[in-house]
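Encoded as C-alpha cells, the structure appears first; notes follow it.
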Amino acid sequence: MPSEQDGVMIILSSPSGAGKTTLVKMLSKLHNFEISISHTTRQPRHNESHNKDYFFVDEKEFKRFIKNEEFLEYAKVFSNFYGTTRTPVINKLNKGKNVLFDIDWQGADQIKNKNLDYKLISFFILPPSKEILFERLSNRDMRDKLIAEERMKQFSRDVLHWINYDYVIINDSIETCYSKIKNLIHAEINNGSKDYDAEYIRNHIEKLTS
Ligand code: 5GP
C-alpha cells in the first residue's frame, strides 16, 4: 500500500531534439532519484550501453513482455517499440526513491490514466524555437537531413500534447532548464510556492505552432 514515504514519479517528455535525455541524466544525480530504464527494440547508438541506457531486446521478446502484462506502459515511437516494466518502478517507489521517466506522450498518458497511488509530476520540454530545433536535429549522428525534416513534421504533431502535462519548460539553456525543473519538483514535494509563468508558456507554444 503506497504511503507518504513513497517516492514520486517524474515524467519528462518532449518532441525529439529538445534535450530531455540530458536533463533526465542530470536530475538522476540528485539524492534519491533514479531513472527508469526502458526496454526498446531500437538498435543501440554508438554511445549507448545495454542495461544502462536501455534494455535492448528484439521484437519477439518485447511482445512476450506485452503478453505477460509486464509493462506499466509501452508505445511505438518512430517504428520501434519502447516500454517501461512495472516491477522495478514499483519497487523503487516503495523504497522511497523518486523515479524519472524519459518517455513519450503516449506512455505519459498511459501512466497518468493508471491513477496509481504515487504522486506524479509531469514535464513537457520544448525547444526555444523551430529554427534551433532543426539545427539540433541536423547535428545528431543522424546527419541525414531527411530524417531531421521528418522529425520536424513529427514535432508539429507532438507539440500538441503539451496540454496534458503539469508543466511545460523551455530548454533555452540546459542549466536554467534543469534548475527550473528541480525547483518545481522540490516545490511539488514540499507544497512550496511554484515559480511558473503559464501565460508566457502559452505564448511560446502559439509561436511554435503558428
Ligand atoms: P530514442 O530512440 O531517441 O532514445 O527515444 C525516442 C523516444 O522514445 C523519446 O521520446 C523517448 O522519450 C521515448 N521513450 C523512451 N523510452 C520509452 C518508454 O519506455 N516508453 C515510451 N512510451 N517512450 C519511451
Side-chain angles (χ1 to χ4, degrees), residues 9-28 34-59 61-66 68-93 99-114 116 120-127 133-134 136-144 147-162 164-169 171 174 177 181:
M9 298 192 286
I10 298 144
I11 296 180
L12 268 79
S13 299
S14 74
S16 184
K20 152 200 54 162
T21 305
T22 311
L23 288 165
V24 168
K25 288 200 172 133
M26 288 167 84
L27 292 163
S28 73
E34 282 188 23
I35 300 178
S36 158
I37 302 171
S38 299
H39 283 70
T40 183
T41 58
R42 164 166 84 57
Q43 289 300 309
R45 297 192 181 116
H46 62 89
N47 55 346
E48 290 178 328
S49 40
H50 185 70
N51 294 2
K52 195 166 156 271
D53 297 286
Y54 281 106
F55 298 109
F56 295 97
V57 294
D58 60 20
E59 212 162 300
E61 200 174 346
F62 197 94
K63 291 202 166 141
R64 194 171 49 77
F65 276 106
I66 298 176
N68 294 341
E69 298 184 0
E70 290 185 56
F71 286 126
L72 185 59
E73 63 74 33
Y74 70 92
K76 198 170 191 184
V77 188
F78 301 127
S79 74
N80 290 302
F81 286 102
Y82 296 83
T84 308
T85 44
R86 183 192 320 268
T87 309
V89 170
I90 302 296
N91 286 347
K92 285 186 178 93
L93 291 168
V99 182
L100 295 158
F101 300 87
D102 172 347
I103 61 177
D104 83 328
W105 64 267
Q106 304 172 82
D109 275 1
Q110 289 172 43
I111 293 186
K112 216 166 133 185
N113 291 337
K114 291 243 153 78
L116 301 174
L120 171 65
I121 316 169
S122 60
F123 295 93
F124 197 63
I125 316 298
L126 286 177
L133 176 67
F134 188 72
R136 285 183 190 167
L137 288 173
S138 310
N139 289 337
R140 276 194 172 180
D141 54 0
M142 42 158 128
R143 287 207 187 86
D144 194 338
I147 295 179
E149 275 160 22
E150 189 46 49
R151 295 210 165 184
M152 286 304 289
K153 281 192 206 142
Q154 186 68 38
F155 170 78
S156 307
R157 295 188 286 267
D158 286 349
V159 75
L160 304 174
H161 297 281
W162 70 275
N164 294 327
Y165 288 77
D166 298 320
Y167 300 104
V168 175
I169 312 286
N171 184 6
I174 202 90
C177 188
I181 297 174

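Whatever order the structure lists them in is the order used to number ligands and atoms, beginning at 1. Residue numbers run from 1 in the order of the sequence given. Below, all heavy atoms of this structure are taken into account, side chains as well, without hydrogens, waters or symmetry copies.
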### Query
Which option out of Tyr74, Tyr82, Phe78, Phe101 puts a heavy atom nearest to atom 2 (O) of ligand 1?
Tyr82
### Under 4.0 Å to a heavy atom of Ala75 - the qualifying atoms of ligand 1, by number
22 (N)
### Task
Mark up the atoms of ligand 1 that fall under 4.0 Å of a heavy atom belonging to Thr84, in ascending order.
19 (O)
### Message
Using a 4.0 Å heavy-atom cut-off, which part of Ile103 comes near ligand 1: side chain, backbone, both, or neither?
### Response
both
### Message
So if I apply the ring-ring contact (aromatic ring centres under 6.0 Å, His included) rule between Phe71 and each of Tyr82, Phe81, Phe65, which one comes out positive?
### Response
Phe65
### Result of checking Phe62, Phe55, Tyr54 against His39 for ring-ring contact (aromatic ring centres under 6.0 Å, His included)
Phe55
### Query
Is a side-chain donor-acceptor pair under 3.5 Å present for Asn80 with Thr40?
no
### Task
Would you please test Lys63 and Glu59 for salt bridge (charged side-chain N to carboxylate O under 4.0 Å, His left out) and show each step?
CA-CA 6 Å; Lys63 291 202 166 141; Glu59 212 162 300; 3.1 Å; yes
#### Entry: From Val24, Leu72, Asp109, Asp104 - option closest to atom 23 (N) of ligand 1 by heavy atom
Asp104
### Message
I'd like to know if the side chain of Gln106 and the backbone of Lys76 have a donor-acceptor N/O pair within less than 3.5 Å.
### Response
yes
#### Entry: Sub-4.0 Å atoms of ligand 1 with respect to non-hydrogen atoms of Lys20
9 (C), 10 (O), 11 (C), 12 (O)
### Task
List the steps, then state whether side-chain contact (heavy atoms from CB on, under 4.5 Å) holds for Leu72 with Ile111.
CA-CA 7 Å; Leu72 185 59; Ile111 293 186; 4.1 Å; yes
### Task
Heavy-atom distances under 4.0 Å are what count here, so tell me which part of Gln106 touches ligand 1: side chain, backbone, both or neither.
neither
### Task
Please could you name the atoms of ligand 1 that Arg45 approaches to less than 4.0 Å, counting only its heavy atoms?
1 (P), 2 (O), 3 (O), 4 (O)
### Summary
Numbered in order shown, the ligand 1 atoms found under 4.0 Å of a heavy atom of Gly107 are 22 (N)
### Query
Cationic tip of Arg151 within the cone over Phe78's six-membered ring, i.e. under 6.0 Å and within 45° of the normal?
yes
### Query
What atoms of ligand 1 come within less than 4.0 Å of a heavy atom belonging to Asp102?
11 (C), 12 (O), 14 (N), 15 (C), 16 (N), 17 (C), 24 (C)
### Query
Side-chain donor-acceptor pair under 3.5 Å between Glu70 and Thr85, yes or no?
no
### Message
Within the 4.0 Å heavy-atom shell around Arg42, which atoms of ligand 1 are there?
### Response
1 (P), 2 (O), 4 (O)
### Message
Heavy atoms only, cut-off 4.0 Å: how does Tyr54 contact ligand 1, side chain, backbone, both, or neither?
### Response
side chain
